[in-house]
Structures are given as structure tokens and as C-alpha cells.
Amino acid sequence: MIPYVKEIKFEYGACDQVSPRIRRVIADNPGPFTYTGTGTYIVGQGEVAVIDPGPDDPAHLQAILAAIPNERVSAIVITHHHADHSPLAGPLKAATGAPVYGCPVTRHVAEEAGAPRMEAGHDLAFQPDVNLCAGGTIAGPGWTLEAIPTPGHTSNHLCYALAQENACFTGDHIMGWSTTVITPPDGDMTDYLASLEAIRARGFATLWPTHGPPIREPDAFIRAYAEHRQERIDQILGALESGPAKISELVPRLYADVDSKLWPAASRSMLAAMIHLVRKGQLTAQGAGPDATFRLA
Ligand SMILES: [Zn+2]
């Protein structure tokens, strides 16, 4: 069982001091992928970094600027290029002159055109000024942010460690309110499981997801989060013991108790698991993509 944390007190557009060095302003974009909305973090005092400015919403831009009337933004920091995270980077840069840090969009994103809508959408215009795909640090007075490559949810996802608080901004990689969507080809289950362990192994005291409240017991949370993925993977292996099958046959069997409206989403995450298992040599695929027939190796 994942020990979800969902309780969050806030008002849209208000700025809350949530730790000694962290303030948060939540955008008014609640929804099935964003929970109560995008939580934009302001790190430092006087000279600040803004993490995940959010959707291109003028009211949210005003709320961020109103939170820091006499302060300077020295860095705009992006976890990944989804439409609820990065689009406001451009307008915020225009307003402040601060450079944008992140990892550019790379892998296969265009191929997802026909796939069922599982995310807030891609911000294909996203282009950082400073490329942190391989990691790197950003510093200001009293704060240091270290980019940690965490591919999985997207191929360009970065988490950011705040050294002074042994904390980590986890974007959509690890969220307290929900599991994260892994949809191929930009999403990758093999990468995702490795990225979960990479964050767990760091021993952070607190995780700050872009959506929802902080996670105060990261080690236990991430272990449960990873176990949940492994259970889903084991279910697939168990189902294939009775013979080869396509995803379209397995989903109604394994998700019989789930609303069939969720089956397209379940099919995408099952595909991510299948690709992972083929790569590990546990399955073979006849055919390609979502219509392939899978069998135990
Ligand atoms: Zn996302």
C-alpha cells in the first residue's frame, strides 16, 4: 500500500512560506493530472529561483511576481516540458530577464499524437537557455539547487535537490497524491524504476512534488511506490502463464474491477511494463507497439 499524502491547505494565487527557504504559489489549474493545481516553488530570499512556473496563465504570472515585489529572479528552473509545468517560463523570463534551466525535449514526442490523452499535454516550444540534461548546479545566496536526471515520466525529467534543507523538488517523478503516468515512447518504465531508486538512495528528508503536499518520509514512500509498480508487472507475468496475449485482451482481465473508461490509460502503462519486460528478457513480443502479442520468454 502506498502511504499517499493528499492533505494540502492553500489558496489559489496566495504565496505560502512552506519551509525556511521555500515559498509556494499554486496555479488555478486543478484537474485529473494536476490534482489541486501546479505548485510553483520560490527558493531563497532576495535573489530567488522559481521552479516550474506552470501553465501559460497571466493570473498565475501576476501571482508569482506579486509574491516577490522587491526581489530578483535569477533562475527559472523546469522539471520537464509538460503543459502544466513549463509554458510560463517564457513570459516569466520576459518579465524578469532570468535564464531558463532544464533539459530540452528529445525523444519521440511527436509519435504520441494518436495515443489517448494521459497528460496535461506537451509544451513542444520548451527550450532552456542552460542545458542540465547531464546534471549541474544553480546557486544563489543561501541556496544551491542540484539537477538530478530522473527520466521515466518523461525522458527529460529532472529533480532538483536543495542542499541546505536536504530536500528535493520531484516534479511529476514522485507525487504524494498519486502514482505518476508512464506513457511510451517518451515515458519509460525501465528508466523510471532506476530513477525512483536514484532519489531514494539520496536519503532526502523531504520531497516537494509540483502537485500536492510534501512527502515527509521519502524512504518508506518511495519503497512502497516502487513495490506497487513491481506488483503490476508481476500481475502481467502471472496472466501470461496461461498463454500469449495482446494488451487489449489482458487489460479487461486485469482491470475487470476498474471503470472501463480508465482502460485506455491502463493500456498505455501496461505497454510501458511490456517494453520493460521484453528488454529484461522476461517476455518476447510478436509484432510491434500496442498491438503486439506478448508471451513469456
Ligand atoms: Zn508531467
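All ligand and atom numbering here is 1-based and tracks the order in the structure.
- The two atoms that bring Asn156 and Cys103 nearest to each other are ND2-O, 3.0 Å, heavy atoms only.
- Taking the six-membered ring where tryptophan is involved, the planes of Tyr192 and His173 are perpendicular, since the angle between them exceeds 60° and thus also 30°.
- Atom OD2 is the N, O or S atom of Asp172 at the shortest distance from the Zn ion (ligand 1).
- Under the 2.5 Å cut-off for SG-SG separation, Cys168 and Cys159 do not qualify: their sulfur atoms lie farther apart than that.
- His82 contributes ND1 as its N, O or S atom closest to the Zn ion (ligand 1).
- At least one N/O/S atom of His80, whether from backbone or side chain, sits less than 2.8 Å from the Zn ion (ligand 1).
- Taking Ile, Leu, Val, Met, Phe, Trp and Tyr as hydrophobic and joining them when side-chain heavy atoms fall under 4.5 Å apart, one finds Val77 in a cluster with Val18, Ile22, Tyr41, Val43, Ile51, Tyr101, Val130, Leu132, Ile138, Trp143, Leu145, Leu158, Tyr160, Leu162, Phe169, Trp208.
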